[in-house]
Each structure stands twice: as C-alpha cells, then as structure tokens.
Amino acid sequence: MDRIQATKELAFRVAFSGHSGHLRVEPLSTVERTNPVKSLPDFILPPAFPRETQESIKEHIEEKYLLPRLDPDEFSAEKAGRQWEFDWFEMAKLPLEPSLPRSVVVPTWEVPFRRKKKGSVEGMWEPNSVQVDVSELSPGAQDSASLPRVAGPAKDFVRGSINNRPFRPGGLEESQNVDRLLPDGATNGEWVREVLNGGPAQAVAPSLKQGLDLGDLKAFPYTWNVYKDKGSLNNASDEKLSELSVQFDDLFKKAWEEDDVAEYEGDAHLSEEDSTKPDAEVSQVDLSSSTAKSESHALDEILFVESGALMPTSGGTSDSGGNQQKEQASAFTGSSEGIAEHFYELVPDMALSFPFELDAFQKEAIYYLEKGDSVFVAAHTSAGKTVVAEYAFALASKHCTRAVYTAPIKTISNQKYRDFCGKFDVGLLTGDVSVRPEASCLIMTTEILRSMLYRGADIIRDIEWVIFDEVHYVNDVERGVVWEEVIIMLPRHVNIVLLSATVPNTVEFADWISRTKQKTIRVTGTTKRPVPLEHCLFYSGELHRICEGEIFMPQGLKTAKHAFKKNNSTTAGGGPGAYTGPSVTRDGVRGQKRDNQSHSKQNKHGSQNLGAFSGTSWGNQNNGSGQNNWRSWRSEASLWLQLVNKLLKNSLLPVVIFCFSKNRCDKSADSMSGTDLTSSSEKSEIRVFCDKAFSRLKGSDRNLPQIVRVRSLLSRGIAVHHAGLLPIVKEVVEMLFCRGVIKVLFSTETFAMGVNAPARTVVFDMLRKFDGKEFRQLLPGEYTQMAGRAGRRGIDKIGTVVVLCRDEIPEESDLKRVIVGSATRLESQFRLTYIMILHLLRVEELKVEDMLKRSFAEFRSQKQLPEQQKVLMRKLAQPAKTVECIKGEPTIEEYYDLYLEAEKYGNQVSDAVMQSPHAQTFLTPGRVVVVKSLSAQDHLLGVVVKVTSASMKQYIVLVLKPDAPSVSSNLQDKKSADFQQGYMLMPKSKRSFNEEYFSSLTNRKGSGTIKIELPYQGVAAGINYEVRGIESKEFLCICNRKITIDQVRLLEDGSNAAFSKTVQQLLETKSDGNKYPPALDPLKELKLKDVNLVEDYHKWTSLLQKMASNKCHGCIKLEEHISLAKEIKRHKEEVSNLQFQMSDEALQQMPDFQGRIYVLKEIGCIDGDLVVQIKGRVACEMNSGEELICTECLFENQLDDLEPEEAVAIMSAFVFQQRKTSEPSLTPRLSQAKKRLYSTAIRLGELQSNYNIQINPEEYANENLKFGLVEVVYEWAKGTPFADICELTDVPEGLIVRTIVRLDETCREFKNAAAIMGNSAVYKKMESASNAIKRDIVFAASLYVTGV
C-alpha cells in the first residue's frame, strides 16, 4: 500500500496479514533517504522458483492435472472415521430407478449410395454419430406432464394402468418439449429487434459464466435497403397484404429446426417456390444447382423428385423462403418408377429379403420405411400389402425397437400370429389371450392398442411402428371410431403404416393424418390386380361373361336376358320389381316358429334368418306355405348341384360361395347331401387333421351336433364358415381350405375380411344383404372386397366371379354400379363416448376439444382455418363506417333492428293469417290494409279495390307513397309485375294532372274489367299513390277500418276525383297521430286459435308502432342510412360468424359433448370443476359394456345379493349382441336382478334425453342390455355340459362361446373396478365367477396360437 502522511511526519502503512485477513499497521521511517545507494535492500533473495523450461512445465502439468489423486480435503485422516448423524438413504427416499439420460448418441442417416464403406469392417456402412438431447430426439415420447414420468411397475408395462397418464399425442400444439428447445428470445420477437436496431454487445461466450469487459461501445451507423420481390407483382391485392406481413418467429423456428441447410441445398435442386426469392439471393444458388444438375446421377433425380418436386397433394405447407422443411406435414404421392428401377442401389442392405421379386409399390413403400417415413398403402385384396408390414417388423427387430400390428377382428390377429411366428419375435394380445407380450413384434386388436394409449402403458416408449391393417374398416358405424382415436392418440415418435383396400379418397385420409400428426405420409399402392378377374352371370346352367379386365361387356348380359326370356316365355310372375320390401321379410321371419327344439339346434339363426330361399338374386322373398318351402328347397339343391358341376367341369374349383345369412349357408350346404368332391387321400388328410384338432376337447364336447355335422361335410369337400360356428371349428375350416382339400365353401361376408384364403372362383348367392337395419344392395366396395378372393397368385392366371341368377336378370346399370363402380369413400364415424371423455379429463393438458378438432369429421373445416384467419384479419382491419344523422344522435341501427325483428314476426304472422278463411272474408273492397313497401323500408297504407277471382289471382290495392317524388298519372313503372293476359287493358283516355275532378260518384254498373294499366301511379291531395296487384302474402296487416270506394271510376275510368276522395278517406283513417289505423283483433275478428301466433301478432304490431315513433321514420335519408346500417350489420355478422367458425363452439359434436358433460356431473363421475371422481375412474375401466350402466350397477350394489354364478349370468347382458332370441327361463332372483338393471338403464336413458342427447330411453336400454343368454351362462357357471346348455336357447353355439369369452374380460374389468372402490366382496365374487366360466370348449386354445 502507498505511503500515508500522518501528523508530525509519522509515516505508516496499512496491510493485510494472514489467511484471516486481519489489518495491521506498519510504521515507516520518517527520514527520507536521499542516497540512491541506500535505497537498495541489504540482501537480495534468490528467485522463488527455478527458471521454467519446457520439460519442467510438462512435468508440472502432469503432476497437477493428469495424475489421479484423491482429494486431500475430502479424504483426510481426520474425516476417515466420520459418522453421519442420520441415515441419508432412509430420509432422502430417492427413486430406485436409474435417472434418465440428458443426452444420447444417435447415428445419422445418410442416403445409401452416399455411404462410405472404405476402411470399414467387411465393407459394411458405419454411420456417423452425433450427441443430441433426449427431448430433442423424441419430444413425443414424453408424457403429457412437463417432467418425464417414472416408469410404472412391471405388471402394468404392457396393459398400462388407470393411474398412469397418457403420453402426449403427436402433433399437439403447445408441447412442453418444443418450448424447451427454443430460447425465450426466439419466440417473443426480441431477436428481431436486436437484428433490426442493434443490441448490446455479446461479451459472454456460450457456456461460460464470465466474459470480457468491452467498455462503452457506440452503435455503428446502419441503413436498410428494401427490395420488392418481382414474383409477387402479379399477385392479387389481398395476397400482397398477406405476403407483406412477415412472420419472423415462424421463419426463425424453421431455421432453428433445420439441421444442415448447406447439405440439403447440395443434394436437392430448387423447387418451384424458390423462384420467388430475390434475384441477388438466388443467383449464386442457381449457378451451383444448374452445374450439379447436369452432372447428377439418376439417384439424385429420385431424391429431388421425392424432396422437392413432389408437391403436396392436399395443400402441403412450405416456409416463406420457399425451402421445404426437412419434415413436412403433408401427404405425398407420386410415380415409383425411379425408385423401383434403382431400388437395390437405394436400399442395398435390406432388413428382410424376400424370395420373390417385389412389385413397384412394395419397393416404394420399403424405401420410405427405410427413411423413417410413415406410409399409406392402398391396393386390392391379395396384392401383397402384408410385405410392407413384414418389413416394418424387420426394421423394428433391426433397430431393437418394437412394432405393433393391429387388426379389426380377432381372426386376423390369430392368423397373422401364425404367419409371422416363424419369421419374427412375435407376441399376441387380444381380449382373452396374452402370448409373449414382451416380444418385439406384437399383434393385437385395435381396441387393445386404444386401451394401452389411454392407460399410458410404458411399452409405448419402445414402439417405432404401428401397422393398421384393413383401414377401410374405419367406415364401420360401431367400431370405426376406434381407428380415429388411436391415430390421434399415438405419440410423435411412433411411425404409422396404413394398409387398405383401394378407396377413392386415399390422399384425403392421408392428408388428415399428416396434418393431425405433423408427419409426412407417403401414399403408394396399385390399382392393378395380381390376378385379373372375369365376372359372369350364372343362369339356366350356363355362365355368361359380362365383365373382364374392368371392362363391362353388354353382349354377355344380352345373351343372359335372351335365355331368361326364352325359359320364361310360358311362365307367369317372377319378373322384375317383385321385391316386396324388407318389412315383408321381417314379418315372415317373425311369424315363423320352431317346430321343435331339436330341429332348431341344427340351424339356430333366428335373428339373421332371411326367410325361405329367395326367388331372385335381387331380394324376392318367399314367405309361402310349407309345400312351397319344400319346392324351394328342391330347386335350391338342384341349382347348387348344377352350379358345382359346371364349375367342376371348367376346372373352377375350389369356390367360395358368399351367402349373406348364417341360415342360408347351413341350408345350402345341407342341400348338397349327395355330393362328394374329395378323393380318398384327401379324405384321409381331412380325417387325420380333424382328429388331431379336436383331440384337445374332452369326450362330450367332441360329439357336439355341430362338430359331427361339420366333419361329415368336410369329408365330402364341403364346408360352411360363419359367426355361428364354434371358434375351433372355424379354424379347422380355414386351415383345411388353405390346404386345398375343401372344394366348396359356403361363407358369410366375414370370410372375405378375416381370412387370407384365396380361391379359384367366388360366387355371390345374391347381390342384396341385410345390414342390421334394412335390406339393401351391395356397395361396390363390399363387392370388390369379396370378389378379390377369386384368383390364387402364382397358381391361377385369371380369377372368376359368378353372380347367381334365379328368377330374373339384374339390370345393366345395377351390375355396372356394383362391379365397376367407385369404391366407398372413407368417411368418419367419429362419435363421443363417455369413456373417451373421462380418459381425457383425467389429464389436464389434454382436452376433449382437441380430440374433436383432430377427428376426420372435422378435417375439412379445420383445414380452412388459416384462410379464415386471413379473412378475419382483413375484415377487422377495414375502417369502421359511421352514420351521420342530421337530426342529432343517429338511431338508424336501432330502427334497422326494429325493422328486422318486425319483418321476422310479420312473415310468420302474415303467412298464417292470410291463409286462414276468416282473414279472406275481411279482404273485401274498401278494407284498409298495410302493405310491405317494394322500394323503401317503410310500410305502406292502402285499401283493397278489387278482390281475387277465378281469372285474377291477385288483390288490386291502392297504396299511399307519401315520400315518393311526384309523378304523372300515366307514368309506368318499368319493374311492373307480370299479370296474366285477359284483364290488362289500356285506359279509355289519358288525363293530365291539372284536369278537373269528376263531380260525384256514379251508380252505373261496371264491366268488371280493369281498364287502367297497372301499376297506375298519380298524385292526389298532395300524396303520391299507386294502384297495383298484391299477393296475399304481401299484406302485413288488416286494419279495422273500411272506407267507401267507387270501383268503376277507379279501375275503369281512372277518375282523378275518385282517387282524390279515396286518398283523403285513407288519410282520415289515421288516429292519434299514428301512421296506421289499429289492426284487427286477432282473437275476436280474425279468430286465431294458436296462442303463439297471437303473441307474435301483438309483438309485430307493437314493433310497427315503435318504428313509426322513431325519429328516423320519414327521414329524407332513410333509405341511404338503412343501406348503410345494413352494411354495418352485415359486416358485424360476418366477423362474428368467422369468429364462431374458428372457435370450439362450431365443432359438430360440441352440443353432444356439453350434454354428456352435464350427464357425468349429474351422476357424480366428475365434479363442477370437471375433475374425475372415483366413480369416473371406475367408469374408465369398463370397456366391454356400456360404461354408465356398468358403473351404476356397481355403485348401486346390484351384485351384492347375488351368488357368483348369478352375478356373471346377469352380466352377460352387457356383452351379448344378438337381438332376437328365445325367452330365457330365469329364477326369481335373476328375474329381480334383470328388472333392477333394466330400470337403471331406463333411468340413465331418460337422464341423457333430458340433456338433449339424441337417445330414446327404451332403445338405449334394449340396445345395451340383451338378456337372451342369462339362463345359458348361469347353467354354464354351475358346471352344466356345453351340449346341454345349447338346448336351452336358439342362439348358435359360436355366439355362445364368443359371449362367454368376452364375459371373462368383463369380469376382469369389474374386478379392477372393485379394487378401485375398495369393495373386497365384489372383487372376490368376480374372481370366483371368472374361474367358474373358464373351462372346456369355451376356452379351448386357438389352433393358430398353439398349432395343430
């Protein structure tokens, strides 16, 4: 420290001493040394450190920083035996799961032909790796909360738990992960201000805490040069306004998310949008791009077509600069010729090789899968769509992730499990089966995947691909909503593979998914069939070809009709149009009664019975006597025998015959009792296979009537396939048909969708079906789906489709519509369910409105939102128009509102009044009326001059026009009404305005004709008047005054005196300063009986009086201001309408949603703040039955007084589906439980109806509760053999098994619900009930799962 001068030259200095920082004072000598030599110290110490050399510095760095050494402070001897005062591990309660990594190293994808293999092991490609943040890698994999969710217990890994929160759906706005990726200044616009105006100097480098002190820096002067884009000069004015408004935040976000712009620009050429860049910005890029294009390889052209030239087919988005984003949310479709040609160069290392040459669409789909894009494949049945699913499985195995294959029905799931079992690590998850759920490739029904998503199963974190098979099933009214729910709820990291039959709006559906999930969807497929089809009509033992190669051939139809006329020349009846309608059929079915139970057990399909055999392929139903039925049976037997012999002769077997009724399938197969189509070796193969398959059943079950009957049919090469068969019997039929030993198969429509078993020929028993509500003709999509089973790929060169004709030949237009018509469009069947609402209300960040917005039903309206936003901003930016009133404060808007309201009431009242007979009696000559003005908003006072007649349909009325300009008496309005000829005559003479009036009324009788030209205008007593024809609906009011008129002088002579007298009388009718005389009393004079109409009449007249007292009434600028007020109101309505359309209130199902919310509040599932209560959590567990009825059943303790067997029997009403069955015989306790449950359903139905939900209480109860199998399930739970319970009902055996299997799932759900409620009694009861029904043939393992 420097020297300090003190008093009397006492010098000292202050300094710090020691590590403690104490101050000390050191005295200094008071005498200055002037001798420089004495200023030198007495002893000079040597340097503290030796001179540094390179070796010494290296040794010091190694010693201090590079050699491992324990910290002496932490590991000192004093702390060696230190004990903590409390247990850290006990008090901290840290989770035992490992912490989530903040960043991971991931490989970077490169185009296959650009991969460098030099220097790598065995020439394999070694990808480069980069370190990325976990949230940046998979933001969609995080859950809906702001923090990552801890993994749940292992038992909930696959199915999830009601306590878990769903994962955040992909494409959902306001994602917490996106907020973490972008800095604060990137979204609030501060960075734009810094760029434009300059900001503080950045003195601290990234990741450092301190920086340089640069001092005070002055701003450097700058200027901006603004250039207009030449490409936008030709745009419309509104487009210019939108382009001038630059969204800097959007630009910055896109630039922020772009990984490597330089590499992207080098690989791809400029797209069409790039031409809109400024010239100075494009010139250098154009030069390099054109050079690269001339030297590029054909593979570069493919990539260019894919990334730049492929335009979005449905309104894809691009950024403002014209550069496409790396991941653009659009549906793309294009030619696959380039990809197919260079496929093996683009994908040199395939994850799965195939023993056959792939089709072009398969190569294109596999290439996009390798890139990580989602794919929509649309192709005909048997075209090879499964190849794409297999490759997705292979990619999941290669990437050590998981893939999920979803199917609409359980049969497809079981069959796909068998097909994939030898190729991949496969597991199966259905409602009753869980096989290897830990496998990397899982096959499940779509409902299971929906449940996993809602319950937040942790397995979803590992899923890379979800394959949706049979996507056209989204059109199903009952279950189509499940597909939309799953697609919306899938997290962002999951890619989608969609497999569908050919539909017209494939691109539209893919565009919906791309916009919903913010993903690029690649649309591919083919309309070419692998095996071409020929379509024939079978009539009178001959096949008539009517279509081949999608080309209709009328000549074949003409030949068939000629044969029909020839055969029926002497036969009466049976012609076209003989169909009597579905009601006759249903009455006939209802009237049929079973002769005895033993006979009915053979064909137990009462509810699906279509009556006796149809007399025509278009629906002629025969409800005749037993003799007619016997004849019909004989004719059917001969018809089938004739058809099979014809097919056998032409080598067209095996054949699938589609009958749209289980009863028809069984009867048709039984009618071929004398036909044997199998050889001895085939019989042996069938017998051995059946013995092995049925050996897993116990003795009594092997001899069930259905099994014995089916084995007899199978031995002759004939089989049936429908929902009424036992599951194991259906699987035996399917497997034997795939082996080729079944020659004729009678099947319902489900065989075409559920089983991959093509045949040589497909036969349609008829082209009409019963869809559960009514009889209708087949849709083109349904026909195409079933006809696609004809033709075995690699075996047949052509497939044959036969339409069976009985008593008539279909019309050409009907055949064209079905055979070559357009397939059914994919339409949304989205609807709100209570369980969906409750699942979404459990999570605060997920809203039901978001689910509604993202449904396919709202896609078109949501797609228009950006354009509507532009229109709204443009309208709000328009300058507001004002009305300048010369009488002070303007009240024109109030006047205009009065006018609109009066017009509304007037239209309602006048229509009713004028049509009433009492009003017509008052409309006589001389009656004072009020008429709506044609040229102004003011109403006109008038008088009836002439009433209607047979030759004249209009009233002739003289009306006063006080505010109209003066005109001459013979001036004609150019907009005159068009009257019928016969009563329009020219006037006798033309009188001027100053002509003297006629003196008095005349008593002469007129001719009854109108001799003045209408409309006739003039001036009398200073008031303008007009005589014109008036329709009855133009009368606004009938007054209670009547004046005397001279009809002859008015209409024939055109006397000015008569007109003057009439006008004066009209003016005198006004009373108390009112503009109009009082109206006729609607009750006394007009005799109106409708209370609402009388009330509207009084409101209307009151509004007219208010308009007359308004100061705007009679204003000279009234018409001008009215038009201005109309324009202002129209502008406000347009803005309000746009705001409503952009709001959640405009959603189609919002009223239904509000009603369901009220219902949930009323029954206690949610509280007033929409928080899910325990009752709502219980309802979330109910998936198999109607959630409200099941929940109320539990909370009302309806199962407490029942035994386990009785409880499971009454619960069968939740899952049984057949409507009409024989009446079960119930015990008193079961009858009481049935009434109690039914009354609960009625009460819930009435509650929903009260809140404007479109539900009929009785229909609601009957639709969700079907008690047809209560007795059967009760006996089964008590241990009764299956053969005995089948005798208790007419329900087919297959439906019984299906119901009991689903009932086991319901027991599990009730057991979980009881655990949530804390009801241990119900928990144990459900456990006992489940064990009681799980036995024997009902729960026999699937042949597809266990093998034969």
Side-chain angles (χ1 to χ4, degrees), residues 532-580 612-622 624 628 631-653 655-660 664 668 671-672 675 744 746 759-769 777-778 780 783 786-787 790 798-821:
L533 297 181
E534 63 173 3
H535 303 261
C536 304
L537 295 178
F538 180 77
Y539 180 76
S540 186
E542 295 296 330
L543 292 174
H544 305 275
R545 186 180 304 170
I546 59 173
C547 184
E548 185 175 4
E550 304 296 330
I551 300 175
F552 196 81
M553 304 167 62
Q555 186 60 36
L557 181 61
K558 292 180 180 179
T559 305
K561 287 188 174 183
H562 179 72
F564 172 75
K565 292 180 180 179
K566 183 178 180 181
N567 291 344
N568 293 293
S569 58
T570 58
T571 304
Y579 174 57
T580 59
F613 282 105
S614 164
T616 167
S617 62
W618 293 89
N620 253 351
Q621 305 298 329
N622 189 354
N628 292 335
R631 293 175 180 174
S632 175
W633 183 85
R634 289 291 302 271
S635 63
E636 287 292 325
S638 61
L639 179 63
W640 292 123
L641 184 61
Q642 195 177 26
L643 173 65
V644 171
N645 289 336
K646 183 68 175 181
L647 297 178
L648 181 63
K649 181 179 179 181
N650 295 341
S651 301
L652 296 179
L653 296 180
V655 58
V656 177
I657 302 175
F658 286 108
C659 305
F660 301 106
R664 292 187 66 82
S668 299
S671 66
M672 300 180 64
T675 305
V744 178
F746 293 92
R760 174 65 180 87
T761 306
V762 164
V763 174
F764 287 90
D765 175 45
M766 63 173 62
L767 294 181
R768 292 181 63 87
K769 63 175 287 189
Q777 294 185 7
L778 285 182
Y783 181 89
M786 289 180 275
I798 192 169
T800 304
V801 182
V802 179
V803 177
L804 204 59
C805 301
R806 291 182 174 87
D807 291 344
E808 69 171 345
I809 305 297
E811 295 296 330
E812 180 177 350
S813 58
D814 295 330
L815 289 173
K816 281 186 176 181
R817 184 189 63 83
V818 173
I819 297 176
V820 297

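Residues: numbered from 1 along the sequence shown. Keep in mind that what you see is a predicted model, and the values were worked out from it rather than measured.
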### Query
Val763 and side chain to side chain contact (heavy atoms under 4.5 Å, CB included): which partner among Thr800, Val803, Val802?
Val802
## Note on the structure
Closest non-hydrogen contact found for Ala560 with Tyr539 is O-CD2, 4.3 Å
#### Entry: Residue pair Glu548 / Ile798, side-chain heavy-atom distance below 4.5 Å
yes
### Message
Run the side chain to side chain contact (heavy atoms under 4.5 Å, CB included) test on Leu815 and Leu537 for me, step by step, so that the C-alpha distance in whole Å, both residues' side-chain angles and the decisive distance to 0.1 Å come before the verdict.
### Response
CA-CA 10 Å; Leu815 289 173; Leu537 295 178; 4.2 Å; yes
### Task
May I ask you to check whether His544 and Phe564 place their ring centres under 6.0 Å from each other?
no
### Query
Which value, rounded to the nearest 0.5 Å, describes the distance between Ile819 atom CD1 and Leu767 atom CG?
7.5 Å
### Message
Do Ile809 and Lys558 have side chains that approach each other closer than 4.5 Å (heavy atoms only, starting at C-beta)?
### Response
no
### Query
Would a 4.5 Å heavy-atom cut-off, applied to side chains only, mark Ser668 and Asp765 as touching?
no
### Message
Leu543 vs Leu652, test: side chain to side chain contact (heavy atoms under 4.5 Å, CB included). Steps then yes/no.
### Response
CA-CA 12 Å; Leu543 292 174; Leu652 296 179; 4.2 Å; yes
## Note on the structure
Looking only at heavy atoms, the pair that brings Leu557 and Ile546 closest together is N-CG2, 3.8 Å
### Query
Hey, what do you get for CG (Leu641) to CG (Leu648), rounding to the nearest 0.5 Å?
10.5 Å
### Task
Output the distance between atom SG (Cys805) and atom CD (Glu542), rounded to the nearest 0.5 Å.
13.0 Å
### Message
Can you tell me how far apart CZ (Phe764) and NZ (Lys769) are? Round to the nearest 0.5 Å.
### Response
11.0 Å
### Message
So does Phe660 get a backbone contact from the side chain of Arg768, meaning a donor-acceptor N/O pair under 3.5 Å?
### Response
no
### CD on Glu811 to NZ on Lys561, rounded to 0.5 Å
4.0 Å
### Query
Can you find a pair of side-chain heavy atoms, one from Ile657 and one from Trp640, that are under 4.5 Å apart?
yes
### Query
From Cys536 SG over to Leu804 CG, what is the distance, rounded to the nearest 0.5 angstrom?
12.5 Å
#### Entry: Minimum heavy-atom distance between Glu550 and Val820, given as atom pair plus value
O-CG1, 3.9 Å
#### Entry: Least distance between heavy atoms, Arg817 atom then Pro780 atom
O-CG, 3.2 Å
